[in-house]
Amino acid sequence: MDFSAVSYALETIDKLTQEVTSLWGVDEQVEGLASELRWMQSFLKVADASKVDHEVIRTTVVEIRELAYDAEDVIETFSLKVASKRKGGFSNCIKRSACFLKEGCLLHQIKSEIEKITARIKVLTRQLKTYDVSKLGVDGEGPSCSTERREARRPYPHVMDDNIVGLGKDIKKLVPVLLDEQSECRVVSICGMGGLGKATLAKKIYSQSHVVGHFKHLAWAYVSQNCQKRKVWEDILSDFNLLSTEADKEMKVEKLAEKLSSFLEENKCLVVLDDIWNTESWDSLKPAFLVRETRSKILLTSRNKEIVSHADSKGFLHELQYLNYKQSWVLFQKIAFPPTNSPRNMFIDFIIAKLFLSLGEDMVKHCAGLPLAISILGGLLATKYPSLTEWLKISANVKSYMKNDKGEVLRDVLALSYDDLPPYSRPCFLYLSHFPEDYEILADRLIQLWVAEGIVSSKQEEGDEGQIAEDVAEGYLLELAERCMIQVRKRDIATLKIRSFQMHDLMRDFCLSKAKQQKFLYIADRSNACPLSTIGRVRRVSAHKFIWIQCIKSPRLRSLLFFDKFLPGEEIESFIPLTVSNHFENHEYGSYHPLVLLLYVFGFCVIVTKWRGIWKYMFNNFNFLRVLDFERGGEGGFKLPNDIGKLIHLRFLRLRGLEFFLSSKLPSSLGNLRCLQTLDLRIESEWSDSIHVPNVLWRMQQLRHLYLPEECDRKTKLKLGTLRNLQTLVNFNTKNCYVKDLINMTNIRELEIRGPFNIEDFNTKELDKNPPIIQSKYLHSVSIINEEEIDPRHLAHLLLSCENISKLSLDVKIRRLPEYHYLSSNLAYIKLRRCKLEEDPMPTLEKVPCLRILQLHEEAFIGKEMFCSGQAVAKLKSLSLKELNFLEEWKVSEGAMPCLRRLEIENCRQLKKLPDGLRFIATLKELKIEKMPKTFKDKVEEGGEDF
């Protein structure tokens, strides 16, 4: 169940009620509303605990979510328009007196809306009391649904699938691990997404002759989501022939665990625990597997990668991979084409045979390497073979056929992963349906969206060991990765946190269908924009392709994400009538011909009208927007309109990439957006290279992530000292901001300085007398980008304040690297570019104890010699040298860089050869040489003197 909407509404009410005086006039209504919402929250928890899957419950959840959103909207409107103005002071009293009538009308309106919402909740409550949640499963739609899915998927070790492809390498890798008696590894885990073939691989290993011959006893137990430890232990003991009498079967559970543990200790056994879902299941089973001094092994299959490390700190995790296209095609042919009746063996028309194969090759791509999906599609097509008409029909819409009949099996497999998610993770998963197919989702952006939408609530934030919402959300994302529901694409090179990920096509399809079923969002494009105009209660719209925003008629819209340009070029071209366009194609006119000029003026006026229409409609009709995100930017008109200040509920505003023609000045009405948590102002202007940002950002005291324009004009001077919640600050500089404001940002985590950085009134004689610049203990990343030189003393003082950073990137001329005691001992990643260091940086860098990744690029060092001593960077794993144009000789002592795994050298034209000391580094796995002279390459290639 989705608790997040109700939880967030209650949180909004709780925040408001902390100031009792501000509730004057609506206190009874607010308290009554909160009481009803708490009852609704309790109902959701009971329904979720009962595992009820019924149409009545699904409809009710949608209704509750709508009511919660309405409640949040009206309470926040009261907070922003009434309560915030009820402050002390003579001037405030005068202002309120002048607007007394207006406030009274607004208060009456809000009071009336709260009463209407409360009445709707009471009607829904009366309806629900006619149902008994615990009895809603009697019609076959209820609690038994998940159980039936599990039982349908239960594997039997003696039943072996004839159609197996691509597991040979996996078997060769896992069998030696299981047979190795010298290893301390006792638990081996096969992990992967549902339908990937984990149980099939386990069965192949279980029946391997080497495995059967090595272990004296073998047992297989099916665990599933509903883990019953007694049943699992009895199944294992039964396979060991240790439950022979009725008395044995009635043995106490403690005795069962003791008996199994003793047997595993005394004998060499292999136990397969198939389909174990979570660490809690392992904890309930582990009393029988606690023995360490044993030659027995346990083989797990799971969708959760976390279990193996929880079960055995020295355990072995094997992540099963998707089939490549060649393997997918082989498996498909085995199933779809009967061996004696394949197109290659049939005496049919050659062209028709080719067409069958071509259709199959195209359709198998939709399975994206998932064996279960290939088996289902192949099985479906096998029943239609050799009817070319039926194959063409299925080929025209593969996905819809995969959702029918046999495709139900695939949906059920994926649904098991969703059913097992804890309640707080389900809306996080459903939110992924916003993104287009094959889209690489940036983790930071997604987390900011989750927080802005209230999917990660502040109650969890407060109660989870003081973690801020972003950390809680990061944990939820990691959990989805551990459960193999998303595919990690990039990780942070210093912290190994997830940077970006994708969803498997079929998992995304399931996510999208579930989101539509729960009316979680609406995916809009040109094909379905018209139906959108008839839907009045859409809360979230994700536009994958351009749509006219006037199609959206939902005044209560909460989030609007655009994945196409603001106004694409093809739309602009369509404004000119086709007959006019054809006329100009058939006639040659000069650029200054009156007709051409008239056409330009006409087109320009139409485009301006369209731009204004889009902005005006958005700002006047979507006053409850929380999220407004322009993914691809595009031409946004003359300027950003002042009316943007009407969107007072906004939490997330991303304007990155939008281009404005006439004005490079942002409106001061941005200061009205006091609820903003994420603000991205990296816009562009055709009129000027720099952007003017008004000094209103200090009002946004809830800001957590601020991205300033890359180049602000000289008139921009921003006070940011009030932004105490800020975690990310990008494009900060001392020309447009005040360095003294940084010390107030006690929660800052990521700081990017672009442009000048100078400290005013800096004491150059007594450096230790200068006050610290930053006092955030959470700061982990600092980046400086500047076309000009920076004072090394100012840089050293800045770095001295950054005690805990793990990432440092310097893209600026500094001539001399600060001494090592100015650098954080936690630094794991350092990138130097265009620093023009005159002295060898290695004597300083080799003293950084945790340095794992070092990149020296584009004249970072302009000296001729570089030397890595025997004590150099003991933990360094990756070293990259690029465009060090003056480097001629590089020496490496024996014992230097003992953990180096990857070395990259690119375009260092003067470097004569690789250092001899590299031969002492046994860990080096990857050597990448690019854009180097032929004489250098010849030395490192096979047969060369450095090979």
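- Side chains of His705 and Thr728: a donor on one and an acceptor on the other come within 3.5 Å.
- No side-chain donor-acceptor contact under 3.5 Å links Asn826 and His780.
- The two residues Pro427 and Phe520 have their closest heavy-atom pair at O-CZ, 3.8 Å.
- Although no hydrogens or angles enter the test, the distance criterion places a donor-acceptor pair under 3.5 Å between the side chain of Arg651 and the main chain of His649.
- Residue Met618 comes nearest to Ile549 through the heavy atom pair CE-CD1, 3.4 Å, listed as atom of the first residue, atom of the second, then distance.
- Of all heavy-atom pairs spanning Ser433 and Ile523, the tightest one is O-CD1, 3.4 Å.
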Going through the distances and angles, do Asn304 and Trp282 end up as a side chain to side chain contact (heavy atoms under 4.5 Å, CB included)? CA-CA 12 Å; Asn304 192 336; Trp282 171 260; over 6 Å; no
Mind running salt bridge (charged side-chain N to carboxylate O under 4.0 Å, His left out) on Arg754 and Glu711 for me, showing each step along the way? CA-CA 8 Å; Arg754 183 182 291 271; Glu711 182 75 28; over 6 Å; no
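- The backbone N or O of Glu440 lies less than 3.5 Å from no partner atom in the side chain of Ser500, so there is not a single donor-acceptor pair.
- Surrounding NZ of Lys519 are at most 12 heavy atoms belonging to other residues, nucleotides or ligands under 6.0 Å away.
- Residues Tyr707 and Glu752 bring no donor and acceptor atom of their side chains to less than 3.5 Å of each other.
- Legend: residues meeting ring-ring contact (aromatic ring centres under 6.0 Å, His included) with Phe435, ordered by chain and number and at least two apart, are Tyr439, Phe563.
- Summarising the geometry of Trp698 relative to Thr722, their closest heavy-atom pair is O-OG1, 2.6 Å, with the distance given to 0.1 Å.
- Looking at heavy atoms from C-beta onward, Glu479 lies in side-chain contact with Pro422 at the 4.5 angstrom threshold.
- In this structure the side chain of Ile773 reaches within 4.5 angstrom of the side chain of Phe757, judged on heavy atoms.
- Between the side chain of Arg656 and the backbone N or O of Asp629 there is no donor-acceptor pair closer than 3.5 Å.
- No side-chain donor-acceptor contact under 3.5 Å links Arg632 to the backbone of Lys565.
- Between Leu799 and Leu808, some side-chain heavy-atom pair lies under the 4.5 Å cut-off.
- Note on ring orientation: taking the six-membered ring where Trp is involved, the planes of Phe566 and Phe630 are tilted (angle from 30° to 60°).
- Using a 4.0 Å cut-off between charged side-chain N and carboxylate O, Arg749 and Asp471 make a salt bridge.
- Interatomic distance, CE of Met485 versus SG of Cys428, reported as 11.0 Å (0.5 Å rounding).
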Could you walk me through whether Arg445 and Glu631 pass the salt bridge (charged side-chain N to carboxylate O under 4.0 Å, His left out) check? CA-CA 11 Å; Arg445 177 189 176 198; Glu631 162 71 10; 2.7 Å; yes
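- Of the possible polar contacts, one joining the Ser824 side chain to the Ile805 backbone as a donor-acceptor pair under 3.5 Å is found.
- The line from CD of Gln727 to CG of Leu729 is 12.0 Å long, rounded to the nearest 0.5 Å.
- You'll find the side chain of Tyr778 reaches within 4.5 Å of the side chain of Asn747, heavy atoms only.
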When you look at Ile486 and Ile441, which way does the side chain to side chain contact (heavy atoms under 4.5 Å, CB included) test go after all the steps? CA-CA 10 Å; Ile486 59 174; Ile441 303 169; over 6 Å; no
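- Arg626 places no side-chain N or O within donor-acceptor distance of the main-chain N or O of Ala452, the cut-off being under 3.5 Å.
- By the salt bridge (charged side-chain N to carboxylate O under 4.0 Å, His left out) test, Lys717 pairs with no residue at all, sequence neighbours left out.
- Side-chain atoms of His434 do not come within 3.5 Å of backbone N or O of Ser542 as any donor-acceptor pair.
- Here the OG1 atom belonging to Thr678 is positioned 11.0 Å from the CG atom belonging to Leu650, to the nearest 0.5 angstrom.
- Looking at every heavy atom in both residues, Pro667 comes nearest to Pro694 through O-CG, 3.6 Å.
- In this structure, Arg540 and Glu453 have side chains that are in contact, with non-hydrogen atoms separated by less than 4.5 Å.
- In this structure, the side chain of Arg724 does not engage the main chain of Thr746 through any donor-acceptor pair within 3.5 Å.
- In this view, Arg833 and Asp811, Glu858 satisfy the side chain to side chain donor-acceptor pair (under 3.5 Å) rule, not counting sequence neighbours.
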Start with the C-alpha gap between Leu795 and Leu810, add the side-chain angles, then the distance that decides, and say whether side chain to side chain contact (heavy atoms under 4.5 Å, CB included) holds. CA-CA 10 Å; Leu795 174 62; Leu810 299 177; 4.1 Å; yes
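- Summarising the geometry, atom OG belonging to Ser880 is positioned 6.5 Å from atom CZ belonging to Arg902; distances are rounded to the nearest 0.5 Å.
- Ion pairing of Asp444 with Lys497 is absent here, as no side-chain N (NZ or NE/NH1/NH2) approaches a carboxylate O to less than 4.0 Å.
- The local environment of NZ in Lys777 is sparse, with at most 12 non-hydrogen atoms from other residues, nucleotides or ligands closer than 6.0 Å.
- By the side chain to side chain donor-acceptor pair (under 3.5 Å) test, Gln487 pairs with Tyr322, Arg489, sequence neighbours left out.
- Here the side chains of Leu697 and Leu708 are in contact, with some heavy-atom distance below 4.5 Å.
- From Leu779, atom CG reaches atom NZ of Lys807 across 11.5 Å, with rounding to the nearest 0.5 Å.
- Between Gln702 atom CD and Gln677 atom CD the span is 6.5 Å, to the nearest 0.5 Å.
- When every heavy atom of Leu876 is checked against every heavy atom of Ile853, the shortest pair comes out as CD1-N, 3.8 Å.
- By the ring-ring contact (aromatic ring centres under 6.0 Å, His included) test, Phe622 is found to be paired with Tyr617, residues two or more places apart in sequence or in another chain being considered.
- Using a 4.5 Å heavy-atom threshold, the side chains of Cys484 and Lys305 count as touching.
- Listed by chain and residue number, nothing satisfies the side chain to side chain donor-acceptor pair (under 3.5 Å) test with Lys877 (two or more places apart in sequence, or in another chain).
- With hydrogens and angles disregarded, a donor-acceptor distance shorter than 3.5 Å links the side chain of Asn786 to the backbone of Gly755.
- Between Arg303 and Asp420, no side-chain nitrogen of the basic residue sits less than 4.0 Å from a carboxylate oxygen of the acidic one, so the salt-bridge criterion is not met.
- Here the side chains of Lys514 and Leu430 are in contact, with some heavy-atom distance below 4.5 Å.
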Test side chain to side chain contact (heavy atoms under 4.5 Å, CB included) on Met507 and Leu414; report intermediate values, then the result. CA-CA 7 Å; Met507 182 63 83; Leu414 300 179; 4.0 Å; yes
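- Cation-pi check for Arg558 over Tyr69 is met; the charged atom lies under 6.0 angstrom from the ring centroid and within 45 degrees of its normal.
- At distances below 3.5 Å, not a single donor-acceptor pair connects side-chain atoms of Arg556 with backbone N or O atoms of Phe624.
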